[in-house]
Amino acid sequence: MNSSSFGRLGIPRLMPIPVEGPDLDRGSVLHNLVGEYMHRTPESAAAHRRATAVMPGGETRCITYYAPYPLSVAKGLGAELTDIDGHRYIDLVNNYTTLVHGNAYAPAAAAAAQALVDGAVFPSTHRSQVHLAELLVKRVESVEQVRFTNSGTEASLLAARLVRYATGRTRLLVFDGGYHGSVPLGGTNDVVTVPYNDLDAVREALCAGDIAAVFAEPFLGAGGVVPGRPGFLSEVAGLARSNGALFVLDEVQSLRNSVGGEQGRLGLHPDLTLMGKIIGGGMPLGAVGGTTRLMKLTAADRSGFLRHSGTFNGHLSAAAAGAATLNHLDSGVIDVLNVKAEFLANTIGNIASDAGLPMAVTRAGSILQVHTTATEVPTTAEHVRGTAGPLQDALHLALLLEGVYTTPRGMINLSTALTTDHLTSVLAAYTRAFQLLAHDLRNAA
Ligand SMILES: Cc1ncc(COP(=O)(O)O)c(C=O)c1O
């Protein structure tokens, strides 16, 4: 490992320089990293100031904010991003798991562009939508029919309406740390929340009665990439059904992990499946899929059907880009992604331990999370919340300064555009970042 592995991206060795930054302990590693970050990214700072005048907080998606200000990305191609100061980064965010083939994936871009030329929104069903629905039905065993939305959030909201309509019940059971989109599925009276991986809590809530459906992710995604314990989700599905409730699996994030989604790998047969992210190939698209018995409740040719509409539902650019993406995501491709992710997770864990840092790395398929200050592997969202803090912030900034673009919370994921050279550079960056943090922790002790 040497600085030459970073030379390719034009990134100098990480050397924090103290300058004035936000209100942080002077001389702390985070203070110094913020200083260097601000020194290196004046154009991003100016862009953030400009945005702040007309957009609250200077952003339009709160998850993309981090202090002192987020990088302004100008361009993405394959596995690399360029910010407006001209620095290049290896992309381990992939728009929060969406870009499974990397940025500006040529087959998806070409398909989306062709749809724009041919007309991408009509008040009619189009063969591109039917084609994508057929692909999803073919891939995901429990999905017999599909309805499109514009996002994963809208898919969750449609599913929430559908399960309430189908059961005549209003309350939903969800998991602490579960994320089903940016709009809540109901008020506190309508949504019961229990800890993930806690079967007793699920049983108790379901036995209390009146639950229309359990909404679960195959692993907590936004909640910290926390996998379900073996058998947990199939037991949850069984408990739901024996209590007259439906089982909804949110595969918005996890569909990339196996051709049939995580449900294929885990042997689950949800009543409804939520989909999003990769199915739009980088364009906004979501979907609810499920049994014909349930899905046909939304069919407009039935009397008393559940109305579901939306001007842009199943946008044709998104449908075409999604099909192009899925057509290049077969089981061989997914296996390679997952094996690389396993290697990355193990190696990052070993590097942290060699540096003497208490960290855990969790993984589900090609999605990982590095938990700073974790003395054991988190199994609930509460454990994950306990690992957040200044060390996490420092790791994020240190990696950015090393030319590796990760999420502030430590989640990373792989795209098929990442080469072995990229992964070598990523591991070198983690090594240096961990050494820097460990050095600071030793000094502080
Ligand atoms: C599991 C899960 N469900 C739903 C959503 C919401 O999707 P969208 O951001 O497209 O609305 C997300 C987004 O991150 C997600 O991870």
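Values in this document were obtained by computation on a predicted structure and should not be read as measured data. Each ligand, and each atom within it, is numbered from 1 in the order the structure gives.
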- Say whether G152, considering both its backbone and side-chain N or O atoms, lies within less than 3.5 Å of an N or O atom on ligand 1. yes

- How many angstroms lie between atom CG of L427 and atom CG of L344, to the nearest 0.5 angstrom? 5.5 Å

- Message: If I take atom OG from residue S415 and atom CG from residue L99, how far apart are they, to the nearest 0.5 angstrom?
- Response: 8.0 Å

- Item | Chi angles and distances behind the side chain to side chain donor-acceptor pair (under 3.5 Å) call for S72, E43 | CA-CA 8 Å; S72 186; E43 292 295 330; over 6 Å; no

- Among non-hydrogen protein atoms, atom 3 (N) of ligand 1 lies closest to D250 OD2, 2.7 Å

- Task: Take every heavy atom of K277, measure it against each atom of ligand 1, and state whether any distance is under 4.0 Å.
- Result: yes

- What's the verdict on side chain to side chain donor-acceptor pair (under 3.5 Å) for R256 and T97, showing C-alpha distance, side-chain angles and the deciding distance? CA-CA 8 Å; R256 59 160 40 224; T97 76; 4.7 Å; no

- Query: Which bit of E217 is near ligand 1, meaning a heavy atom under 4.0 Å away: side chain, backbone, both or neither?
  - Reply: side chain

- Report yes or no: do Y89 and D83 form a side-chain donor-acceptor pair below 3.5 Å? yes

- Task: Identify whether the distance between the nearest side-chain nitrogen and carboxylate oxygen of D335 and K340 falls below 4.0 Å.
- Result: no

- In the protein, what heavy atom is nearest to atom 16 (O) of ligand 1, and what distance, to one decimal place, separates them? Q253 NE2, 3.1 Å

- Structural part of T153 in contact with ligand 1, heavy atom criterion under 4.0 angstrom: both

- Among side-chain atoms of Q392 and T387, is any donor-acceptor pair under 3.5 angstrom? no

- Task: Would you mind running through ligand 1 and noting each atom that sits below 4.0 Å from a heavy atom of S151?
- Result: 10 (O), 11 (O)

- Query: Can an N or O of S156 be found at a distance shorter than 3.5 Å from an N or O of ligand 1?
  - Reply: no

- Query: At a 4.0 Å cut-off, with the gap strictly under it, does some heavy atom of Y179 reach an atom of ligand 1?
  - Reply: yes

